[in-house]
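Written below as structure tokens is the structure these notes are about.
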Amino acid sequence: WACCLFLLANAGIGKEIVTYLAAKGATVFMVCRNADRAAQARNEIVEHAKVVGISNASQNVRVLVGDCSLESDVRRVWSEFESNQENQGRLDCLICNAGALSFEKTLTSEGIETTFAAHLLFGTYLLGTLAMNTLSNTPNSRMVVVSSGGMYNTAFPSWADATNTGISRYDGQLAYAYAKRGQVLLCERWAQLYDSRVKVVSCHPGWTDTPGVDSAYGSAKSYLQPLRTLWQGAEGIIWFAVAPAERLQGGAFYLDRSPCVKHMAGPFFTEGSFTKNSVQEVDVMMDQLEKWSNVDSRPTTGQQQIDRAKMLPLTAATSFSVDMSAFMGRWFVLANVPSYFEKSCGNCIENYVWNAEKNRVDVTFSYRSKGANEDSSLTMKAKVVNAPVNTHWLISPKLVGSVFMPINLDYLIIDKGMVQLGTEQLEYVTIGVPTRSYLWIMIRSEPTEYVPQGEDSSIALEVYQGGKAVGDTLKWDLEKATLDKAIGRAVELGYDAKLILRVPWTSKLN
């Protein structure tokens, strides 16, 4: 009879479905996270099947141990299924029922939010992707994804919100609803791609009295009454496994054997548009699922933290303070994310003088425009607004005479330090702005002469691109080490390294 691969099969609706299929003589592979509980459930399922006359039930019911929230486990489980001779190279039905609802944010050992990983990314998308070729080669096959009516509450959100890698506060019920909406959208898309070979459907079992509901809601489950029995929740899903393929509507969302509406956010529970996603949004979801389902293309935990940092306004450093008297004097701009007028400039210097009378910093920015024979300068004033830390200044450019522009531009000291190479040391400081539109990495000594070659003077973390050094090689290496350190920290704070340019320094800017 049929060969079925079933996720989360040792309890609740899953166990009920496997019990029925095994009693009908199906070859069933139970994917369970806990080996001991899986063995106990399997023994109970096999004994029941034998009672109703299935003498080879022990051979028909197999256990694959794996956690469906882990990429490594899902890939291993599928490999074990493929290599098992009992399936005879076929898969008639894949049922994805893995996952739970958690009110506290937890990450898997692979660094991914558990609800998203188990329900959508690995428990549905990755396993479905791995299984699709075998399903396609099995006549009248089907893939059944157990979603939830919880998806009625929302559209699929931004990827950052879906993966809980953004800045939004974690909400367990929303995380669950996002994953469930994603499952429905995934089934729609796969039905478009594979409907002639595989029927891909999603379904809702109704609110059923399961261990999962007990775990998620405890005594509050009384508000969900009347709850369905396990059989009532399982019967509609069982029907997918045994019904003729031509009776299944690919891409549909089912409840009790019947396709249902997928949206009811409008007046009087009409469809509305609030929970709908555009084709383009689903395209993005599919692209990201493909990227995130493979460790080789998925952003590392560190990169996820950087991406999250980019969503927040940059703030001044608070882990160190600035000694204002020591900070005064000249700082040479070694690299920057330039403002508009700085893009064609070199030999950039910031000079700070403490104005005790007016309790401010007088700032002179000097530079040399491309093709000019002498330097130009801008005058500004700065007010420290977070003394005694002294890392957040407000700067006002000077118009004419003693008149300054009536604006205050944020000047954030985000990093500072000392880099040593051999016996040589170089002090640096990094200045940013809340939007990360600009950046300045400055050092205390005059930079090595640097001549850009062509238009590109961008810097990689390891190698300068598009330019060459002239003169002191040791000093150049020290500057490079300083930039590596400063740029590395800037990237951690959300800057894009590709936008950081080495500032020209030469006596001839032509």
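These numbers come from a predicted model, not from an experiment.
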Could you tell me whether the side chain of [Y] reaches within less than 4.5 Å of the side chain of [X], counting heavy atoms only?
X    : Y    : answer
L409 : Y438 : no
M30  : K15  : no
T134 : E82  : yes
N137 : R197 : no
L314 : L412 : yes
L248 : W239 : yes
F253 : Y152 : yes
I112 : F122 : yes

Shortest non-hydrogen contact from [X] toward [Y]:
X    : Y    : value
C187 : V201 : SG-O, 3.7 Å
A179 : H119 : CB-CB, 3.7 Å
M143 : W190 : CE-CZ3, 3.6 Å
L21  : A241 : CD2-CB, 4.1 Å
L94  : G128 : CD2-CA, 4.2 Å
S109 : L70  : OG-CD2, 3.4 Å

Verify the neighbour count for atom [atom1] of [X]: are there more than 12 heavy atoms of other residues, nucleotides or ligands below 6.0 Å?
X    : atom1 : result
E290 : CD    : no
R33  : CZ    : no
E104 : CD    : no
F274 : CZ    : no

Taking [X] for its side chain and [Y] for its backbone only, find out whether a donor-acceptor pair lies under 3.5 Å.
X    : Y    : result
E110 : S72  : yes
R181 : T154 : yes
S79  : R75  : no
N34  : R37  : yes

Whether the [X] and [Y] side chains hold a donor-acceptor pair (N or O, under 3.5 Å, no angle test) is what I'd like checked.
X    : Y    : value
N43  : E47  : no
S69  : T114 : no
E113 : T115 : yes
T124 : Q183 : yes

Quick one: pull up [atom1] in [X] and [atom2] in [Y] and give me the separation to the nearest 0.5 Å.
X    : Y    : atom1 : atom2 : answer
I431 : N336 : CD1   : CG    : 12.5 Å
T318 : I414 : OG1   : CD1   : 12.5 Å
D67  : T108 : CG    : OG1   : 8.0 Å
L312 : R436 : CG    : CZ    : 7.0 Å
S319 : D415 : OG    : CG    : 8.0 Å
T163 : L289 : OG1   : CG    : 10.5 Å

Does the pair V198 and S141 meet the rule for a side chain to side chain contact (heavy atoms under 4.5 Å, CB included), with working shown?
-> CA-CA 5 Å; V198 183; S141 63; 3.6 Å; yes

Start with the C-alpha gap between V261 and H263, add the side-chain angles, then the distance that decides, and say whether side chain to side chain contact (heavy atoms under 4.5 Å, CB included) holds.
-> CA-CA 6 Å; V261 297; H263 307 277; over 6 Å; no

For the pair Y20 and W231, name the ring-plane relationship: parallel under 30°, tilted 30 to 60°, perpendicular over 60°.
->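 Plane angle between 30° and 60°, so tilted.
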
Take the angle between the ring planes of F116 and W159 and call it parallel below 30°, perpendicular above 60°, tilted in between.
->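 Taking W159 first and then F116, their aromatic rings stand perpendicular (interplane angle over 60°).
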
For side chain to side chain donor-acceptor pair (under 3.5 Å), just list the numbers for D307 and Q303, CA-CA rounded to whole Å, side-chain angles, deciding distance to a tenth of an Å, and then say yes or no.
-> CA-CA 6 Å; D307 292 341; Q303 184 58 54; 2.9 Å; yes

Is the distance between the ring centroids of W78 and F29 under 6.0 Å?
->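 No, ring centres 6.0 Å or more apart.
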
Full working for side chain to side chain contact (heavy atoms under 4.5 Å, CB included) between R189 and D283 | CA-CA 9 Å; R189 181 58 61 89; D283 288 342; 2.9 Å; yes

Test side chain to side chain contact (heavy atoms under 4.5 Å, CB included) on T430 and R489 and set out the steps.
-> CA-CA 9 Å; T430 305; R489 178 56 180 155; over 6 Å; no

